[in-house]
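Everything numeric in this text was worked out from a predicted model, so none of it was measured. Counting starts at 1 for both ligands and their atoms, following the listed order.
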Amino acid sequence: MGDGTLKSLQRLSDLAINGAPPAFSTPVHVGRPSVGNKEEFLRRLDDILERRWFTNDGPYVREFEKRIAEFLGVKHCIAVANGTLALEIAIRALGLHGEVIVPSYTFIATAHALWWQGITPVFADIDPATHNLDPAAVRQMITPRTTGIIGVHLWGRAAPVRELQKIADEHGLALLFDAAHAFGCSYGTDLIGRFGRLEIFSFHATKFFSSFEGGAITTNDDELADAMRLMRNFGFSGYDNVIYPGTNGKLTEVCAAMGLTNLDAVDGFIANNRDAYLAYKAAFSDLKFVTMLDYNESEKNNYQYCVIEISPDCGVRRDQIVEALHAENILARRYFWPGCHRMNPYRDLFPHAGLVLPNTSDVAERVVVLPGGSALPLNAATVIADVIRVLESERGDPKDG
Ligand SMILES: *Cc1c(COP(=O)(O)O)cnc(C)c1O
């Protein structure tokens, strides 16, 4: 009780970074998992132990796949052990090779899943307004070696699906989407999960809803779905019959049980996330140098990410703000900084990639992701706005009376 209201934040000396006590006594995290009905999970766990069916296409995995496919309105859902394996299996099933165009402003797994299979990720720039791939930039990066495009629905906001599909069709490229952020989000009125040749999801603990670790591939393509099911299970078709070089991508029953439990609770997660998002919007409305990334209320959103951009005109640098918030025990984060192209191996291999990625570099320098969801203390949005306001009004001058 009273946490975050212990002090007033009016001058620099009120900030924990300058020696005052922190606003929160325990850390407030980004990406703290939402949890559905604990009793339901324990009941399922008990079932699993009684049944002694722990993995290998068990009943909870099948139920999870069926429920996700129904929820998203897509024909096939293939559950896998995590989102990265979902990408790797998808990329292999589509027969991608050579070069594949991806954004650099994404989680590193989007690029690594390609590189891991000897494919070169070619980074295209983003639209600074949406943080998603810019179709014109994608066109510029096409070469005779290009075989595919991976669009990422960053922050759960749909990539430019129609424009990317047009490019893919014109050039005979496979289009797939990394929808790791976008469960429950729509493009127009259609839920994400049915676009391109396939889409992949992550149910990692930090994502909108979790199965501890987990992922899925969704598609309306029967043949692709069959191929990916084989790949997920070493290429086994029946007991002794291996017909394909596969991997072990299986989701366990325990993870599926957690996934089912949380899938039952997604409406509540969305409501909590939206409350946090709206609290921030209200708290930041008078902060001139802070822009909150908007969710389009005419589409479906999961409101998982509360993202702000610090304007270059702000007197305080983004990293100073993050540092000051950390001192208050608010663990706000830079995200996808400094961009995949500036992480290895890509940084050493393609040292000049940044020349065609000006928007990626700008956005990566401006973004802060704030804690959201049910774990957000009631007054955290006000505290964060106050910290930024104090820093800004004093222009970061360390001396204060
Ligand atoms: C989390 C994430 C992944 C990887 O998912 P895991 O389940 O953690 O392997 C891939 N792409 C993006 C955009 C992600 O955020």
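Shortest contact from atom 15 (O) of ligand 1 to any protein heavy atom: His181 NE2, 2.8 Å. Shortest contact from atom 10 (C) of ligand 1 to any protein heavy atom: Asp178 OD2, 3.5 Å. The nearest heavy-atom contact from the protein to atom 9 (O) of ligand 1 is Thr84 OG1, 2.6 Å. In this structure, the protein non-hydrogen atom closest to atom 1 (C) of ligand 1 is Lys207 NZ, 1.6 Å. The shortest contact between atom 3 (C) of ligand 1 and any protein heavy atom is with Phe107 CD2, 3.7 Å.
Within 6.0 Å of atom CZ in Arg139, more than 12 heavy atoms from other residues, nucleotides or ligands are found, so the atom counts as buried in its surroundings. Atom CD of Glu223 sits in a sparse spot, with 12 or fewer heavy atoms from other residues, nucleotides or ligands closer than 6.0 Å.
A salt bridge links Arg389 with Asp386; the closest basic N to acidic carboxylate O contact falls under 4.0 Å. For Glu39 and Arg43, the salt-bridge test fails: no basic side-chain N is under 4.0 Å from an acidic carboxylate O. Using a cut-off of 4.0 Å between Lys/Arg side-chain N and Asp/Glu carboxylate O, Glu213 and Lys250 are scored as not salt-bridged.
Distance check: Thr120 OG1 to Ile101 CD1 gives 12.0 Å after rounding to the nearest 0.5 Å.
Of all the atoms in ligand 1, the ones that sit under 4.0 Å from a non-hydrogen atom of Gly83 are 5 (O), 6 (P), 7 (O), 9 (O). Listed by atom number, the atoms of ligand 1 under 4.0 Å from Thr110 heavy atoms are 11 (N).
Residue contacts with ligand 1: Glu213 is placed with no nitrogen or oxygen under 3.5 Å of a nitrogen or oxygen of the ligand (distance criterion only). Among the atoms of Thr106, none of the N or O lies under 3.5 angstrom from an N or O of ligand 1.
Here Phe269 and Phe209 keep their ring centres 6.0 angstrom or further from each other.
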